[in-house]
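In what follows, a single structure is set out as structure tokens and then discussed.
Chain letters run A, B, ... following the sequence lines, proteins first and then strands; every chain starts at 1. These figures come from a predicted structure and were not determined experimentally.
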Amino acid sequence: MTRFPPEPNGYLHIGHAKAAIIDSEYARIYDGKFILRFDDTNPENALLEFYDAQKEDLRWLGIQWDSEYHTSDHLQTHYKLAEQLISQRDAYICKCTPEVIREGRFHAKTCTCREELTGPVGLDLWKEMLASREANRILRLRGEMNSENTAMRDPTLFRVIDTKHPLTGDTYHVWPTYDFAGAVEDSISGVTHPFRTKEYELRDQVYFRILSFLNLRAPHLMEFSRLSIEGMPVSKRKIKPLIEQGLVSGFDDVRLPTLRGLKRRGIVPEAIKQFVLQQGFSKVESVVDFSLVESVNRKYLDPLVKRYYFVPDPVQLIVENAQKKTVKLHLHPDATMGDRTIHTASTFFIPRQDVQKMKVGDVFRLKGLYNVRITKIGDTVHGSYEGEELIAETAKIQWTTDDCIELTVFVPGLIFKGESFNPDSLHEIQGYAEKAVAGVPSGEIVQFERVGFVRLETQRTKLVGFFAHK
RNA sequence: GCUCCCGUAGUGUAGCGGCCAAUCAUGAAGCCCUCUCGAGGCUUCGACUCGGGUUCAAAUCCCGACGGGAGCACCA
């Protein structure tokens with residue numbers, strides 16, 4: 001039995017996805033159960049909207065959970081266990097100031113509260129703590145003040161936070177810390193294999209000490225490394241300022257590794273899952289290049305999405321002796337995916353990039369249509385009809401007629417260069433897309449031939465594209 | 001500073017005493033195929049951080065150095 005325990009304090013990102021995928025896959029492989037648990041033990045962080053937002057993100061990822069609950073549902077149980085610890089003299093009320101406590105930890109010095117404010121005395125003080133709302137005391141574990149592992153130097157178990165909780169309101173003001181809640185919840189909820197990221201490793205000892213004092217079953221704890229992507233920071237500390245300064249559009253900005261950002265950019269959940277699984281489950285810190293995600297995504301999308309013509313930076317082409325034609329072009333080599341019909345006359349648009357490589361006399365092919373010989377290159381390119389027969393060596397260029405739509409495609413780049421924001425991280429490509437693109441539903445991902453995979457989205461009434469990758 | 005974790009090609013991974021002159025993916029280069037600069041096929045390039053030790057035998061075990069990461073919160 002596994003669990004995914006997010007704190008409802010933000011949108012999920014690729015790092016959460018790694019944890020959630022490992023947790024749920026592990027359960028699935030061994031035919032076990034998978035629990036979604038909201039670790040909402042700090043009312044200062046938890047926000048109501050994120051419980052649902054995170055569930056939505058998980059559903060989008062294709063993750064299914066067998067049951068779900070909130071750690072805040074179990075506070076009464078936590079209080080009982082706390083009392084047990086106090087009466088066993090395994091926890092004590094500490095009235096020292098945070099500074100004194102920090103000093104004590106640093107110098108491995110025990111404070112007098114440890115022996116004095118435990119047992120029956122401690123119990124009374126604990127009840128006072130539950131009754132009053134004064135934040136001048138905490139409950140600490142009797143750990144090992146002289147341990148080399150500083151996490152073991154009598155860590156905090158409960159503290160007073162007098163802030164309204166999104167679910168329990170002002171019912172409670174004494175909240176367990178991660179060390180206590182995490183260990184207790186894993187154990188009493190029946191989780192057998194809890195996974196967490198490496199930065200908690202030093203806390204393992206605390207985890208097992210708490211459970212052993214409480215005589216609770218100890219799960220098989222395992223750690224894995226955090227997943228980081230080059231140039232795509234995951235931490236709220238880095239992302240939030242960008243939003244506040246208006247440097248990105250929000251948590252769903254296409255440059256961000258949030259699940260919402262990745263989705264908008266055209267990365268599909270199946271690709272994220274496969275990518276995460278490819279990374280494996282190890283303790284090696286790695287900074288992965290986003291191209292690994294792109295590669296997986298591309299292979300997933302290639303056989304599935306429709307293909308259209310989009311002409312970036314278009315140049316007009318007049319084919320002098322062109323006859324009117326009506327062509328049907330497949331939307332995909334797999335003909336069962338349908339086709340679109342285009343009427344052509346003598347006016348076309350082709351990419352400037354291709355024009356720049358041409359000279360008078362060259363022959364190229366309007367892809368799927370016919371060949372053209374260039375007769376003149378100026379602001380407008382002129383050419384003549386040069387037959388329909390496919391010539392292997394000629395360039396096949398995508399095109400539109402004058403019956404087309406204007407389209408802006410946003411191309412995301414790395415949002416961070418080293419430690420700082422990259423102001424040059426979002427480019428725009430202006431171009432013409434063939435008429436049929438106007439009929440593509442908002443949110444659909446298509447392949448623009450010779451350009452790349454693009455997710456189309458209607459913004460107000462205007463259609464825009466987000467470039468996923470080649 | 002102290003403590004802990006980690007160290008295989010550019011990147012990510014498999015291997016965890018002999019089957020490893022090291023797997024797969026990605027990347028790069030080349031060829032084939034294809035009416036895309038995509039996908040697919042084939043080929044090539046490219047790595048066990050270093051130094052000691054244990055052993056008949058080490059990428060794999062031990063010690064040390066170096067490098068990277070994390071923790072030292074009344075945050076998770």
Check every strand shown and say whether A:N149 touches a base, only sugar-phosphate, or nothing at a heavy-atom separation below 4.0 Å.
nothing
Have a look at A:Q447 and say if it touches a base, only the backbone sugar-phosphate, or nothing, with a 4.0 Å heavy-atom cut-off.
base
Nearest whole angstrom, please: distance from the P of B:rC5 to the CG of A:L202.
9 Å
Determine the interatomic distance between P on B:rA58 and the same-named atom on B:rC50; round to the nearest Å.
15 Å
Near-ring test A:Y30/A:H193, centroid separation under 6.0 angstrom:
no
Nearest-Å distance for atom pair CD/P, residues A:Q279 and B:rG12
9 Å
Please classify the nucleic acid contact of A:V287 as base, sugar-phosphate, or nothing, using heavy-atom distances under 4.0 Å.
sugar-phosphate
If you write RNA chain B from 5' to 3' in dot-bracket form, with Watson-Crick or G-U pairs under 3.5 Å, [ ] for crossing pairs and | for pairs with another strand, what do you get?
(((((((..(((.....[.....)))((((((.......))))))...(((((..]....))))))))))))....
Taking the inter-plane angle between the rings of A:H78 and A:F180 on a 0 to 90° scale, is it parallel (under 30°), tilted (30 to 60°) or perpendicular (over 60°)?
perpendicular
Would you please classify the geometry between the A:F453 ring and the A:H469 ring as parallel, tilted or perpendicular, with 30° and 60° separating the classes?
tilted
Looking only at B:rU36, B:rG12, B:rG38, the nucleotide nearest the A:R298 side chain is B:rG38
Which whole-number value in Å describes the distance from A:D204 CG to B:rU3 P?
19 Å
Rounded to whole Å, how long is the line connecting atom CD of A:E223 with atom C1' of B:rG69?
14 Å
d(CD, A:E449; P, B:rG38) in whole Å:
12 Å
Find the distance A:F275:CZ to B:rU11:C1' and express it as a whole number of Å.
10 Å
Looking just at side-chain N and O atoms, do A:D179 and A:T177 make a donor-acceptor pair shorter than 3.5 Å?
no
Need one value for A:N371: base, sugar-phosphate or nothing, where a base atom within 4.0 Å counts as base even if backbone is also close, heavy atoms only.
nothing
Whole-Å gap separating C1' (B:rA39) and CZ (A:F453)
8 Å
Of A:Y200, A:Y26, A:F281, the one forming a ring pair (Phe, Tyr, Trp, His ring centres under 6.0 Å) with A:F224 is A:F281
Which distance, rounded to the nearest 0.5 Å, do you find between the NZ of A:K236 and the CG of A:N45?
8.0 Å
OP1, OP2 of B:rC2 versus side-chain N and O of A:T150: anything below 4.0 Å?
no
Given B:rU36, B:rG1, B:rU13, which nucleotide is nearest the side-chain atoms of A:V284?
B:rU13
Looking for any heavy atom pair under 4.0 Å, which part of the strands does A:G280 touch: base, sugar-phosphate only, or nothing?
nothing
Hey, are A:E449 and A:Q447 close enough side-chain-wise for a donor-acceptor pair under 3.5 Å?
no
Whole Å only: how far is the CZ atom of A:R226 from the P atom of B:rC4?
22 Å
Indicate, with a heavy-atom threshold strictly under 4.0 Å, whether A:S282 touches base, sugar-phosphate, or nothing.
sugar-phosphate
Supply the atom-to-atom distance A:D73 CG to A:L167 CG, rounded to the nearest 0.5 angstrom.
7.5 Å
Check if the side chain of A:E285 and the base of B:rG68 share a donor-acceptor pair of N or O atoms closer than 3.5 Å.
yes
Could you grab the distance from atom CZ of A:R140 to atom OG1 of A:T118, nearest 0.5 Å is fine?
12.5 Å
Among B:rG12, B:rG38, B:rC35, the one nearest A:R365 by side-chain distance:
B:rC35
Please tabulate the protein-to-nucleotide N/O contacts below 3.5 Å involving nucleotides 73-76 of chain B, giving atom names and distances.
| residue | atom | partner | partner atom | Å |
| --- | --- | --- | --- | --- |
| B:rC74 | OP2 | A:R105 | NH1 | 3.2 |
| B:rC75 | OP2 | A:R159 | NE | 2.0 |
| B:rC75 | OP2 | A:R159 | NH2 | 2.4 |
| B:rC75 | O3' | A:N42 | ND2 | 3.4 |
| B:rC75 | O3' | A:R159 | NH2 | 2.8 |
| B:rC75 | O2' | A:N45 | ND2 | 3.2 |
| B:rA76 | OP1 | A:T41 | OG1 | 3.4 |
| B:rA76 | OP1 | A:R159 | NH1 | 3.3 |
| B:rA76 | OP1 | A:R159 | NH2 | 2.4 |
| B:rA76 | OP2 | A:Y178 | N | 3.0 |
| B:rA76 | N3 | A:Y200 | OH | 3.0 |

Cation-pi check, A:R255 to A:F410: give yes when NZ or CZ is under 6.0 Å from the six-membered ring centre and within 45° of the ring axis, no otherwise.
no
